[in-house]
Structures are given as structure tokens and as C-alpha cells.
Amino acid sequence: MLKSMDYDWETGTRVVADLDQWRERHEWVEEPCIGADGAQAAAVCKVEGEDSFTVATTDGDWPTPFEKIWNLRHAPDGRLTALVQVDGLWTLAVDGEPWEESFDFAWNPLFGQDGGQIGLCVQVEGEYGLAVDGTPWETLYPNANNPVMSPTGGRTAAAVQTVPLGQAEIDKFQSGIFSASVDGETWDATFMNVWGLAFSPDGARTAAEVRLNLYEYSVAVDGKPWRKSFGGVWEPVFSPDGRRVAAPVRLAGKWTLAVDGERAWNTDYYQLWHQVFTPDGKRIAAIVSPSFGKWTVAVDDKPWEIAHAVVRDLTVSPDGKRFAAVAGSPGAWTMLVDGQPWNASFERLWAPVFSPDGRRVAAMAETDGRRVIVLGGAALDMGAADSLDPVFSPDGSRLLVKCLDGRKVIRHVLNLDAVKPA
């Protein structure tokens with residue numbers, strides 16, 4: 001995995017790639033993407049005079065063209081991946097080398113935190129499952145959805161249909177034809193529906209929201225449902241030590257938070273979801289609706305005073321002391337940080353990024369049709385290029401900003417003690 005401590009943090013600006021040079025030798029260039037450290041760039045290119053495609057990178061073109069290429073992206077360890085078509089079949093190419101195994105169709109590459117292993121959703125002769133590093137599950141299913149990879153990488157899971165279902169077979173559906181599959185091994189239990197799977201941080205355990213019958217829902221951990229059922233549940237999450245599972249549950253028409261099947265918060269909300277643990281596991285925050293049509297954040301069941309029409313992208317700082325979320329309505333988004341809004345709004349606003357010490361918050365935003373980086377509510381002046389994906393240095397004193405102006409990929413490293421807002 002590429003770690004931020006290994007990035008080049010010398011302040012300054014440099015051009016990483018000149019897209020015009022790539023256009024000179026290809027019919028067209030599309031899907032440009034930039035690596036996490038901003039030092040690598042790539043794009044899908046149409047080979048001149050050929051009905052085929054390749055990938056141009058800062059180190060040169062991939063040597064072998066493909067019939068089609070899409071979903072170009074860097075893995076967390078810096079390897080460049082793309083879905084490619086060979087002889088009408090699909091597979092994943094890593095740094096230009098396709099997996100030996102190919103599939104009728106493939107989509108949605110999955111990465112663990114270090115990117116060491118890569119998962120992929122695949123379909124073979126009408127059956128669905130996942131493949132890891134080119135090897136598909138031994139068992140494929142009539143349906144596989146909600147795929148996830150463990151944070152440590154290597155393990156994969158999905159909600160799967162275990163029994164074929166014909167038209168109007170309502171009794172069969174109600175008897176339970178869905179389960180979860182972990183690495184291609186199906187849970188012993190089946191349910192009417194299964195959604196929202198999650199791995200524990202070490203990848204040893206799996207949880208999912210399950211529908212027990214027409215009216216009752218619960219959370220199943222490693223195939224065993226909680227002893228209590230509810231009128232509804234949302235996606236569960238594990239605590240950082242993997243010992244507890246928290247999920248929003250519906251009781252008497254309202255929503256609250258449950259941990260390991262027992263009610264954990266006292267307040268009834270109109271809605272509650274997107275719960276997050278702090279890194280030490282001692283606190284939980286969630287997006288809540290304390291009154292109809294109004295949303296805010298609650299930390300340990302204490303809602304912030306300010307509410308908006310929409311709240312999303314709840315994020316906790318690495319030290320677990322601060323919380324931030326995007327709030328507002330379409331075309332007018334701001335950031336709530338510890339319950340206080342930025343004194344600015346934007347047409348679009350992406351998820352908050354905390355500095356490692358939790359002191360600073362940055363985010364990608366769109367204003368006047370251009371993407372900018374906002375630091376503490378003020379947009380940074382990076383010229384006319386679109387600014388993408390801010391990354392803080394390990395000590396939080398510098399900010400890496402990757403920019404794309406349609407002609408060049410540019411890498412900036414800013415000293416935050418010296419930057420001035422636009």
C-alpha cells in the first residue's frame with residue numbers, strides 16, 4: 001500500500017503528464033485518472049487506425065491493446081487496473097497484464113486497504129459471484145449482489161440467491177432463498193432477503209441485514225440472526241476491535257441504534273443511519289432525523305442543534321475527537337464540523353477529509369462549474385484547473401492537491417501555514 005508518509009512532500013508544483021502528447025499518438029484520450037500520491041497519471045486511449053484501445057501512463061503505453069477498456073483506476077498499492085475485453089470476454093488487467101481467467105462479464109473491482117489482493121464481480125454462463133486475483137469462487141449463484149472485500153484484503157462476500165426462482169413462486173420466495181456467501185461458502189441459514197454486508201476489521205467475521213419474514217428484520221452475524229427482530233434495520237458495522245456490531249433498528253415506527261441486538265440509544269428518531277465508531281471504539285455517531293424532514297448528526301445519542309434538509313458523508317477524525325458531515329440541499333452544500341457550519345456554500349461538496357491530527361478539514365467542492373479544494377470553508381487558489389482529492393501530509397502541515405485542466409495533470413504540495421484563500 002502507498003502510505004502518505006512515503007509521498008514526496010517537498011512543496012512546489014510540477015506537471016505530471018501532458019495529455020496533448022498522448023493525443024498526438026492516439027485517436028482520442030479519455031478517462032484520465034491520477035494515482036493517490038499524485039505522481040502517476042494514466043488514461044484510456046484509442047489506438048490510431050485500429051479498432052482497439054490501450055492505456056497511456058507516465059511510464060509509457062501498455063504494450064498490448066485490448067478490444068475495450070473501462071473503469072481505469074489505481075489500486076491502493078499504486079498498481080494500475082482496468083476492466084478489459086479479450087476475444088469477447090472480460091477480465092481485469094493489472095499494469096497491462098490481464099488475468100489468465102476471463103468471464104462473460106466482469107465489473108466493480110474491490111480492494112482491501114493495502115490493495116495487495118483484488119476482487120471482481122463476475123458472471124459466467126448466467127451465474128454470478130466474485131473472483132480474487134483471477135480465481136473465481138468455486139460456487140457461483142443465480143444472483144450475487146452487495147459485494148464487499150475485507151479491510152485486510154483477500155476475503156470477499158456477497159448476498160446470494162441460493163435457489164432458482166420462477167415467476168409467481170411467492171411461497172418459495174417467502175420460504176427464504178437468499179443467504180450470504182463468504183469466499184464462495186454459503187451461510188447455513190437462508191432468509192427472505194439479505195443486504196448490506198460488512199466485514200469485521202480483521203476480516204474474520206461477517207454481518208448483514210436480513211429479512212426474516214414479510215414483517216420482521218434483524219442482523220445476522222456469521223449466519224446467526226440477533227435474538228431480537230425489528231420493523232426494519234439498516235446496514236450493520238463492526239466496532240474497531242471486531243467484537244461488537246451496531247445497526248440502526250426500527251421500533252414502534254421510529255428508529256434508534258442497537259448494538260449486538262440490544263437497544264443502545266434512548267432517543268427515537270424519524271430516521272437514523274450511517275453510524276460510525278471512533279477509532280478507539282468508545283463513541284458512536286450517526287446521521288439522524290430528530291424531526292420530520294430535518295437531518296443532523298448525533299454523537300453518542302446527542303444531536304447537534306443545527307439541522308438541514310440533507311446530511312451525508314459523516315466522517316470522524318483520526319484521533320476520534322471531531323466529526324464532520326456534508327449538509328444542505330442540491331446546489332447549496334456546506335460542511336458541518338462539530339455541529340458548526342462553514343461560512344460558505346457550494347454547488348457540490350464531497351466528503352470531508354481530516355488532517356491526521358484532526359485540526360484541519362478539507363474537501364473537494366464545485367463552484368461556478370469548476371472543482372476546487374476548500375480548506376476550513378475557504379477555497380484555495382489553484383488557477384483554472386480542476387482540483388481533485390486533497391491529501392494531508394502525516395503531520396498535517398502540508399496538503400497535496402492533484403489538478404487536471406484537460407491538457408495537463410499537475411501536482412501541487414502546499415505549505416498550509418502560508419496558503420491564502422482564493
Quick one: does Asp183's side chain get under 4.5 Å of Thr156's, heavy atoms only? yes
Rounded distance [0.5 Å steps], CE in Met364 versus NZ in Lys402: 9.5 Å
Cationic N near anionic O, under 4.0 Å, Arg79 to Asp77: yes
Spacing of Ile373 atom CD1 and Leu388 atom CG [to the nearest 0.5 Å]: 7.0 Å
Short side-chain donor-acceptor distance under 3.5 Å, Tyr141 and Ser181: yes
Taking atom CD of Glu185 as the centre, does the number of heavy atoms from other residues, nucleotides or ligands within less than 6.0 Å exceed 12? no
Inspect the surroundings of CZ in Arg407 and state if more than 12 heavy atoms from other residues, nucleotides or ligands are less than 6.0 Å away. no
Any heavy-atom pair between the side chains of Val84 and Trp99 that's under 4.5 Å? no
Salt bridge present between Arg359 and Asp357 (N-O < 4.0 angstrom): yes
Heavy-atom neighbours of Glu10 CD exceed 12 at 6.0 Å: no
Assign the ring pair Trp107 / Tyr128 to parallel, tilted or perpendicular, where the plane angle (0 to 90°) is split at 30° and 60°. perpendicular
Is it true that a side-chain atom of Thr54 and a backbone atom of Trp62 form a donor plus acceptor pair closer than 3.5 Å? yes
State, with a plain yes or no, whether a side-chain heavy atom of Trp350 is found less than 4.5 Å away from one of Arg348. yes
Evaluate the side-chain proximity of Val210 to Val219: yes if any heavy-atom separation is below 4.5 Å, no if none is. no
Interatomic spacing from CD in Gln40 to CZ in Arg411 - rounded to 0.5 Å: 10.5 Å
Do NZ/NE/NH1/NH2 and the carboxylate oxygens of Asp18 and Arg23 come within less than 4.0 Å? no
Minimum-distance pair of heavy atoms, taken over all atoms of Pro32 and Ala43: CA-CB, 3.9 Å
Trp304 vs Val299 side-chain heavy atoms within contact, under 4.5 Å: yes
Check whether any side-chain heavy atom of Leu257 sits under 4.5 Å from a side-chain heavy atom of Asp301, and report yes or no. no
Listed by chain and number, what are the ring-ring contact (aromatic ring centres under 6.0 Å, His included) partners of Trp226, not counting sequence neighbours? none
Asp222 side chain vs Lys224 backbone, donor-acceptor pair below 3.5 Å: no
Are the side chains of Trp265 and Ile284 in contact, using a 4.5 Å heavy-atom criterion? yes
How long is the straight-line distance from CD of Gln85 back to CZ of Phe103, given to the nearest 0.5 Å? 14.0 Å
Looking at Arg25 and Asp61, does any basic side-chain N land under 4.0 Å from a carboxylate oxygen? yes
Flag yes if more than 12 heavy atoms outside Glu27 fall under 6.0 Å of its CD atom; otherwise flag no. yes
Trp333 vs Trp342 side-chain heavy atoms within contact, under 4.5 Å: no
Does a side-chain N-to-carboxylate-O contact under 4.0 Å join Arg360 and Asp417? yes
CG on Asp202 to CZ on Arg155, rounded to 0.5 Å: 9.5 Å
Does a donor on one side chain and an acceptor on the other come within less than 3.5 Å for Glu347 and Thr367? no
Does either side chain, that of Ser229 or that of Glu216, offer a donor lying less than 3.5 Å from an acceptor on the other one? yes
Whether Arg211 engages the ring of Trp195 as a cation-pi pair (distance to the six-membered ring centre under 6.0 angstrom, angle to the ring normal within 45°) should be assessed. no
Keeping Ser150 on the side-chain end and Gly153 on the backbone end, is there a donor-acceptor pair under 3.5 Å? yes
Counting distance only, does the side-chain N/O of Asn146 pair as donor-acceptor with the main-chain N or O of Gly196 below 3.5 Å? yes
Counting distance only, does the side-chain N/O of Glu209 pair as donor-acceptor with the main-chain N or O of Glu235 below 3.5 Å? yes
With side chain to side chain contact (heavy atoms under 4.5 Å, CB included) as the test, pick out the partner of His74 among Leu80, Thr81, Asp37. Leu80
Drop me the distance from Glu24's CD to Leu19's CG, to the nearest 0.5 angstrom. 11.5 Å
With sequence neighbours excluded, what pairs up with Trp234 under the ring-ring contact (aromatic ring centres under 6.0 Å, His included) test? Trp255, Trp273
With a 3.5 Å distance limit and no angle check, can you tell me whether Arg205 reaches the backbone of Gly242 through a side-chain donor-acceptor pair? yes
What residues, two or more places apart in sequence or in another chain, satisfy side chain to side chain donor-acceptor pair (under 3.5 Å) together with Gln161? none
Does the cation-pi check pass for Lys68 over Phe53, that is, NZ or CZ under 6.0 Å from the six-membered ring centre and within 45° of its axis? no
